[in-house]
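Single-structure report; data block below.
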Amino acid sequence: MNPTNIISEFKEKASLVSAVIHEADTIEDAFSIALSLCKKNFIIASPQLDNSALPLLEKLCIENGITLLKDNLRKYTNGIDMGITFADFGIAETGTIVVNSDSEDKRLSTMISEIHVALLYKSNIKATAFDMADELSALTSRASSYTAFITGPSRTADIERVLAIGVHGPLALHVIIIAA
Amino acid sequence: MEKLETIKDYKNRIDNALENQFLRSAMDKFAVAYRESRKNAFAGIDTDALIAEVAEIKRNAIKNNDKLFEEFKSVAQKNGVHIHLAATAKEANEIIAKIAKDTASQKIIKSKSMTAEEIHLNKWLENEGLEVTETDLGEWIVQLRHEGPSHMVMPAIHLSRFQVAELFSGVTGKEQDAEIERLVKVARKELREKFVKADMGITGANFVIADTGTIGLVSNEGNARLVTTLPKVHVVLAGIDKLVPTIKDALTIAKVLPRNATGQKLTSYVTWITGPSEYLGDNNQNLDSSAKYPSNFTKSDSKNAAISLNSESGSNKREMHIVLLDNGRLKIASDPDFAQILQCVRCGACANVCPVYRMVGGHTLGYIYIGAIGLITTYFFHGAENAKNLVQNCTNCGACKAVCAAGIDLPRLIKEVHTKIQDEHGHPLKSLMLGRVLKDRKMFHALLRIASVAQKPFITTQNTSDKDSSLKRVCAEESFYLRHLPLIFFKEHNFRTLPAITKVPFRDRWKSEKWQSENFGSSKINTKQDKKLNSKQIRIGIFSGCVQDFVYPEQLEAGIKVINKINLDNPDIDIKLEFPMGQSCCGLPALMMGEKDAAADVAVQNVNAFNEYELDYIVTLCASCASHLKHAVPKLVKSNKADEFAQKVIPFSQFINRMLIQQPDIIDKKIDKKIELKFNNKANINKKVTWHSPCHLCRGLGIKDDPKQLIKATGNTFIPAKEEETCCGFGGSFSANFPAISREILTRKLDDVENTGADLLVTECPGCVMQLRGGALNQNRKFKVVHLAELLADI
Ligand code: SF4
Ligand code: SF4
């Protein structure tokens, strides 16, 4: 499959499982998109951002009057409005994002937030899970590794087989594909 | 100790399940919807190849289990995991209870694990005074109702939203609407509190990966992720059969598992955990006040004592234990035949497609493990006593095998377990008698002849107003009593009108000169007058099976008429027919009743009987006989002779279709001229015809198109039925053993046929004809039921 097809397949498959796809040119743009999804007084968690990304998000949050948490998420297990994390890979075949979250805070931000926003570099989208098997094997062979395949928001069909979105995890999943 | 269930108790439970209207309609909708969503999920994938790959991975993993275990153990221990190997369910329970004690864990949360169900873990922990909460929505619902799951993937599929609303009203002390979205939110809120307060989380594992020491968890709701993140202690319980070498192997299995389970390409979450992950809660845990906390959160009292090794040493890792469960698995792994049941990936598909499951649901078709795999594993994990009734509740339709994610030969193994249980705990009289009688062909046939006379006063001939010669013949003389074997030993099966035993069995007709000249015109069988000098001879042995020999000889006559007509119409071939008199019942009825010895015995008799003749093909008009002779006989007899015999077996439709439509080099005899069957009597043309595919034809032998091509060739209008491959509910002794289920499966089937608007339902198995025609007559359906040979012979 050529790269353009991989991206369009990713978008299609992710949308089929109720993920919302956005595209951005830069990280900054991506953060702006994320912020545009926020309501007033939202609490955002974005642990584990690096020194180049963090100031960008902090600035936007201050401008918009939004609280940004970077750690200690355990205090907020009853719910955070939005979690913003980077995803390591995308899998086109199933519309999946792969998030390595060894850090408990990063993990929690993908679990207890009502909206999970994942930032994904276009170049990290693979056709199938098998195309990243070696990387995955390397990721998971480190002690205390915790890596998740996330395909759409949390869901259940346990009552009368009727699909309901948002059980124990996020009620919505947004994936922002970053070009650069 | 729990009281053991008798077969009568079991049948009462079945009757109750059949009366549960919600269950019936939920199961029905699910069966139909599942078929479609599975198909979509596998679109563009070579499903058979993928399943073969999964089977191979698991087969090797089971063979190398000890090596994988050692590898996993050493990596995982290096990563700081405590590894336990539990030989029995009891040991596993004790280990987990001890972990709870040692870590001063009081409140336990779980994500769904069939292995935990297998060992009755919740009950054990609760008896130890611990609080256990299931967090998977369906599992929580059934836990609150104090019952077990009714499906391995959808535990609460038997319940309606109203039942759930009532349950949740009780739990929350507040009236809850029966609105699914809202009910899900109630669970989210209630369970979030449990997550936060929990001391210990227990999960299963879908994969235990040896080379990296990783476990893989497949889930949709996200509960498994919280269970493995919030509490300080994480305990994994997994069967040793979950070990695979690498994450690549796990990815291959993950490709088939959700597709097969729920028709999803992938579940919302697949989580890979290698060793204890970061834990930032302190020992008094995470209960500081926060703006978003509900006010009723309090510190858990037990926490003060909960200081574990890791925290003492200042580590910020949780404590992780992995309990690998044997519970008989190693013994199964060393059994050459049953080892394959460990290939199971617990997708639940074998229940999804099972016609019996569809009627009665998982509480009736399973003990802990549900569906076809449950019928087998119950014996191994929960003993013969819990398996002995269950294992009989199978029509042998093969639908489970056709979808099994791990390529397990489920229907055959179900029968093997049945035999095992009878060998160990005694054979019921009925089945013993059947076995004895079948072994002695002469006695068996003598009995049938006596029965044909004895039944006379009971025969009630059905009137048929249909003036069509073809239909008059086939629908006449159905009686309310059937005295043919094996049903001769059963009484409760008059939910359909059953045929009488014929006055003159086929074998007697075959021998009679009069019959021969009537059926073959001036030429006697095997003496073709006008054959060309260089015509190719095709030697066919007819295998009748007992139902056609003694109940429906007219089906054989019709088939022979068709073959004979082809012979006469085509001077380039010379068909020679034989009917070996030493042939007996195919043996399937014996196998169905767990009489494997008897089945082996008659298999030898049949192989020997046909071995006396030089034959190219052994044609049978009974799909069940065909499938049994082809697949089971070589396994029962284990000789070259038996293999050759099996190779020659071919069902009627495939044989005729190959000659007429596919025009192949039939049996390596290159025939240049086109072989034809000239349909001259147009009596049946312009009928609307639909097809019921016998289980043993479409799945047993993989023959799906031949009969339909033939039906179309007759010039009738073919209208496919939506569920043409769904079992009719006959299953030989099944229909007599579980008449209530058989009747319900049959009714569904007849509804499906009626929906096509067809005048004629055609099939290719005398058992199916017996069931379907009897049902159609009994329920006054608008269509007639005929054997394919009868359709072809009349045209
Ligand atoms: S063979 Fe048919 S009836 Fe028996 S378990 Fe499998 S699907 Fe169910
Ligand atoms: S036996 Fe096969 S179909 Fe049934 S649960 Fe196991 S893998 Fe799935």
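Per chain, numbering begins at 1; letters A, B, ... match sequence-line order. The figures here come from the full heavy-atom set of this structure, side chains too, leaving out hydrogens, waters and symmetry mates.
Salt-bridge formation is not detected for the pair Arg161(B)/Glu166(B): no Lys NZ or Arg NE/NH1/NH2 atom is positioned less than 4.0 Å from an Asp or Glu carboxylate oxygen. Ionic pairing of Lys112(B) and Glu139(B) is not present here: no N-O contact between side-chain nitrogen and carboxylate oxygen is shorter than 4.0 angstrom. Using a 4.0 Å cut-off between a side-chain N of Lys or Arg and a carboxylate O of Asp or Glu, Arg107(A) and Glu278(B) do not qualify as a salt bridge. Using a cut-off of 4.0 Å between Lys/Arg side-chain N and Asp/Glu carboxylate O, Glu63(A) and Lys59(A) are scored as salt-bridged.
Residue with the most contacts toward chain B among Ala19(A), Gly166(A), Gly152(A): Gly166(A) (heavy-atom pairs, distance under 4.5 Å). Ranked by non-hydrogen atom pairs under 4.5 Å with chain B, the options Pro153(A), Ala164(A), Ser145(A) are led by Ser145(A). Among the candidates Ser268(B), Gly222(B), Gly138(B), the residue making the largest number of heavy-atom pairs closer than 4.5 Å to chain A is Ser268(B). Of the residues considered (Ser154(A), Gly169(A), Ala129(A)), Ser154(A) shows the highest number of contacts with chain B, using heavy-atom pairs under 4.5 Å. Among the candidates Val75(B), Thr229(B), Leu266(B), Leu183(B), the residue making the largest number of heavy-atom pairs closer than 4.5 Å to chain A is Thr229(B). For chain B, the option among Ile112(A), Val17(A), Val98(A) with the highest count of heavy-atom pairs below 4.5 Å is Ile112(A). Counting heavy-atom pairs closer than 4.5 Å to chain B, the top residue among Leu173(A), Leu16(A), Leu171(A) is Leu171(A). Most heavy-atom pairs under 4.5 Å with chain A: of the set Val153(B), Ile157(B), Val164(B), Thr212(B), this distinction falls to Thr212(B). Chain B forms more heavy-atom pairs under 4.5 Å with one residue of Glu93(A), Lys13(A), Arg155(A) than with any other, namely Arg155(A).
The closest side-chain donor-acceptor pair between Glu104(A) and Asn316(B), if any, does not fall under 3.5 angstrom. For the residue pair Asp105(A) and Ser103(A), no side-chain donor N or O sits within less than 3.5 Å of a side-chain acceptor on the partner. In summary, the side chains of Asp136(B) and His168(A) do not present any donor paired with an acceptor at a separation below 3.5 Å, with no hydrogens or angles considered. Between the side chains of Arg192(B) and Thr77(A), no donor-acceptor pair is found at a separation under 3.5 Å.
Rounding to the nearest 0.5 Å gives a distance of 6.0 Å between OG of Ser109(A) and NE2 of His116(A). To the nearest 0.5 Å, the span separating CZ on Arg142(A) from OG1 on Thr214(B) amounts to 10.5 Å.
At a 4.5 Å heavy-atom cutoff, the contact between Leu159(B) and chain A is made by backbone atoms alone. Of the atoms belonging to Lys189(B), not a single heavy atom falls under 4.5 Å from chain A. Proximity to chain B (any heavy atom under 4.5 Å) is shown, for Thr147(A), by both the backbone and the side chain. Looking at Phe30(B), the atoms closer than 4.5 Å to chain A (heavy atoms on both sides) sit in the backbone and in the side chain alike. Contact of Thr262(B) with chain A is not made at all, since no heavy-atom distance falls under 4.5 Å. Neither the backbone nor the side chain of Ala76(B) comes within less than 4.5 Å of any heavy atom in chain A. Of the two parts of Ile209(B), neither the backbone nor the side chain holds a non-hydrogen atom closer than 4.5 Å to a non-hydrogen atom of chain A. With a 4.5 Å cut-off on non-hydrogen atoms, Asp134(A) touches chain B through its side chain but not through its backbone. At a 4.5 Å heavy-atom cutoff, the contact between Thr110(A) and chain B is made by backbone and side-chain atoms alike. Looking at Gln163(B), there are no atoms closer than 4.5 Å to chain A (heavy atoms on both sides), in backbone or side chain. Contacts between Thr228(B) and chain A at a heavy-atom distance below 4.5 Å involve backbone atoms as well as side-chain atoms. Only the side chain of Arg259(B) comes within contact range of chain A, with heavy atoms under 4.5 Å apart. Looking at Ala156(B), both its backbone and its side chain come within 4.5 Å of chain A, counting heavy atoms on both sides. Residue contact with chain A, scored on non-hydrogen atoms closer than 4.5 Å, is absent for Lys78(B).
The backbone N or O of Gln176(B) lies less than 3.5 Å from no partner atom in the side chain of Arg182(B), so there is not a single donor-acceptor pair.
Note that Arg225(B) lies in the cation-pi zone of Tyr269(B), set by a 6.0 Å cut-off to the ring centre and a 45° limit from the axis.
In summary, the aromatic rings of His22(A) and His174(A) are positioned with their centroids under 6.0 Å apart.
By the 4.5 Å heavy-atom criterion applied to side chains, Ser137(A) and Lys248(B) are not counted as neighbours.
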